[in-house]
Structures are given as structure tokens and as C-alpha cells.
Amino acid sequence: MKLKIATLPGDGIGPEVVGQAQKAVDAVCRRFHHEVEFTFGLVGARAIDECGDPYPEKTHQLCMQSDAVLFGAVGDPRYDNNPTSPVRPEQGLLAIRKKLGLYANLRPVEAFASLVEKSPLKKELVDGADFLCIRELTGGTYFGEKGRKDNGNAAYDTCIYSRAEVERILRLAFDYAGRRRRHLTVVDKANVLETSRLWRQIAQELEAEYPDIEVDYMYVDNAAMQLIRCPKFFDVLVTENTFGDILTDEASCISGSMGLLASASVGEHTSLFEPVHGAYPQAAGKNIANPVAAILSAAMMFEYAFGLMEEGKAIRRAVAASLEKGYVTEDLAAGAAAHSTSEVGDWIIENDHE
Ligand code: IPM
Ligand code: MN
């Protein structure tokens with residue numbers, strides 16, 4: 001197969017971890033005889049520096065013409081403490097999601113057996129946890145009308161969802177639940193929010209079409225508690241954009257490190273694969289960031305964008321082996337036991353054949 005991949009490393013540790021993911025993709029393609037072509041695109045703060053736009057049209061055209069997008073991270077401290085900046089690196093990520101129509105963000109959460117001791121949660125709570133968070137990605141508060149009034153002294157962000165937006169993400173969630181353990185948890189705040197009541201109404205209507213799926217409804221505040229009180233309860237969790245953003249950071253604790261969580265964003269155009277962690281500017285350029293989330297995002301790319309399941313599995317096996325061996329970065333190992341970003345990447349590609 002010929003794979004045309006757009007690489008958008010972005011800011012902070014993005015370039016370092018995407019570099020390792022690229023190495024893993026190259027290795028797997030050599031072994032399974034695929035031809036791969038990577039084309040670099042600018043995004044985030046780097047794109048603002050070079051052309052004043054966090055998601056330049058040239059990058060968008062590249063994404064549209066590629067089979068998959070491998071994404072690093074965006075964000076820069078120069079903007080974090082400047083709330084009045086007219087342009088921000090994060091707008092690049094929001095624009096790419098919107099313009100590619102990537103309405104579904106899939107974030108699998110899995111407790112690796114070899115890492116259950118690393119989780120801040122009790123071992124018996126996380127051991128065996130394995131669920132999929134599905135976050136709506138192009139609607140809600142992130143994209144609703146926003147602004148200031150009263151001479152800048154009041155501000156608003158509108159949460160708005162249409163029936164069509166809610167229905168397509170819920171159908172996708174029902175489908176994924178059907179391929180897993182057939183248990184779907186719809187997370188909302190229907191006791192307070194009108195948008196949540198629309199979500200719940202549509203989910204209840206759809207239940208009749210998916211009689212083999214067990215559905216339950218959970219308020220987001222309760223879900224935030226249940227995720228750490230009883231993570232094994234969950235199979236597929238679906239929720240709106242902002243709730244999903246918050247809950248998936250929380251859920252990363254179950255795996256032991258934010259540096260392990262991968263994601264796929266799918267929808268109308270080219271799918272995008274991205275580690276859940278951000279730009280982590282304090283670690284940028286130090287070769288210490290955990291490359292596993294980016295490498296597992298590449299595994300998701302083989303599976304979701306190309307249907308190449310064996311290739312994805314080869315990467316997953318090698319990652320699991322590195323975690324078992326304790327060949328890991330400093331977020332998971334103390335002092336001298338820690339390896340660098342590129343050492344972990346090298347170990348993983350050299351061991352993808354077991
Ligand atoms: C994420 C990130 C982004 C988001 C930021 C960088 C805009 O936190 O992908 O979870 O809030 O969606
Ligand atoms: Mn986030």
C-alpha cells in the first residue's frame with residue numbers, strides 16, 4: 001500500500017515525539033512492504049511565527065491531499081499568560097478539526113499490566129481497566145458564539161449543538177460499543193443544561209435502534225468521580241466537547257502517565273492522529289518526553305485510517321514490551337533508570353518483530 005502522511009509536529013515536545021512516531025511508521029512500512037511518504041506542514045506557534053496564521057492554507061491543502069495526518073502538539077508559553085493576544089496557537093488545532101470535519105475524537109484508556117503500580121490510583125482499581133472515550137470535537141462551547149460585552153467587562157461562550165451533530169456522534173458511539181463489550185455510558189449534565197437534555201433525548205431515541213447495547217446515563221460531575229472510583233465500570237463513554245476534554249485528562253491517570261494516551265480524530269475528511277498530551281514546553285528540546293502516546297497514535301493510524309490491523313498490532317506489541325522491560329522515559333522511571341525520548345523510540349522500533 002502507498003501511504004501519504006502529512007506530519008504536523010507543531011510546538012514544544014511535538015517535533016520530538018512525532019519524530020519517534022515517524023520512525024516507528026517507517027520501520028513497520030519496511031517490514032510490511034508499504035511505501036510511505038511524509039510531508040511536513042506548519043501549525044501552531046511555529047506557523048504564527050512564520051506566516052502569522054496558526055493553520056495556514058498551505059497546511060490545510062496538504063492535509064486534504066494526504067491519507068492521514070500525524071500531529072504533535074500546539075501551545076506556547078508566550079501566549080499562555082497573554083489572554084488578550086488576538087491570535088493563539090490552539091486556534092490552529094481548532095481550525096484543523098473544524099476544516100477537516102473531525103467531529104469524533106477517540107481516546108482509548110487502558111491500564112497496562114506492567115504499569116499498574118505507576119497509577120496514582122489503587123492497583124486493584126485500575127488493573128484490567130479498558131475503555132474508549134469518545135469526545136465530540138467540532139461543536140459545543142469550543143465553537144459556539146463567543147465574545148465580550150459591557151466594554152469588555154463581561155464575557156460569554158455559547159454552548160450549542162444541533163440534532164444532526166449529536167446524532168452522528170451518538171451513532172458512532174453505539175457502533176463502537178457494538179464492537180466492544182456493548183456497554184455505552186452517555187455523559188451529560190441534563191439536570192442543568194438544555195444542550196445535555198437534547199443529547200439525552202436523542203440517545204434515548206437511538207436506544208431502540210441498538211437493542212443489544214446496554215445504555216446508561218451519567219451526569220458529568222458523577223462521571224468525574226466514577227472514572228477514578230471505579231474505572232472498570234466503563235466500556236464506551238461518549239460526551240460533548242468540553243466535558244470530553246476534561247474527563248480524558250483525568251482518565252489518563254488510570255494508565256499511569258499522560259505520556260501514554262493516544263487519540264484518533266475522525267470525520268468527514270482526512271483523519272488525524274495525535275497524542276492527548278500537550279506541548280509540554282518545559283521539556284521541549286531536552287529529549288526527555290515520553291514518545292509512547294505519539295507512537296500509539298501511529299498504531300491507531302494504521303488501524304483506523306488504513307485498516308492495517310497487523311501493522312498496528314506490531315507497534316502495540318513493541319510498546320507493551322518496552323513498558324514491561326521498564327525501558328521508559330522519566331515520567332515512568334526514577335533517576336538513572338530513565339531513558340531518553342529517542343532511546344525509547346529506538347528500542348521500540350528494534351523490537352517490533354516479536
Ligand atoms: C486537547 C487539547 C486541546 C483542546 C487544546 C490544545 C486546544 O487540550 O486536544 O485535548 O482543548 O481540545
Ligand atoms: Mn485537552
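Counting starts at 1 for both ligands and their atoms, in listed order. If you read the sequence from its start, that first residue is 1, and numbering goes on from there. Excluded from the calculations below are hydrogen atoms, water molecules and symmetry mates; all remaining heavy atoms, backbone and side chain alike, are included.
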So, [X] and [Y]: side-chain donor and acceptor under 3.5 Å apart, yes or no?
X	Y	value
Thr185	Asp216	yes
Glu136	Tyr161	yes
Arg229	Gln226	yes
Tyr210	Arg171	yes
Gln61	Glu57	yes
Asp245	Tyr142	yes

* Note the single closest protein heavy atom to atom 8 (O) of ligand 1, along with its residue, its atom name and the distance in Å. => Asp245 OD1, 3.4 Å
* Structure fact -> closest protein heavy atom to atom 9 (O) of ligand 1 is Arg97 NH2, 2.7 Å
* Structure fact -> Per-atom filter on ligand 1: closer than 4.0 angstrom to a heavy atom of Tyr142 are 4 (C), 11 (O), 12 (O)
Under-4.0 Å heavy-atom contact with ligand 1, by part of [X] that carries it:
X	value
Arg107	side chain
Arg135	side chain
Arg88	neither

* Hey, does Glu90 come in under 3.5 Å of ligand 1, counting only N/O atoms on both sides? -> no
* **the Mn ion (ligand 2) reached by Asp249 (N, O or S, under 2.8 Å)** => no
* For the Mn ion (ligand 2), what is the closest N, O or S atom on Asp245? -> OD1
* Asked: Is Asp235 paired with Arg179 through a side-chain N to carboxylate O contact shorter than 4.0 Å?
  -> no
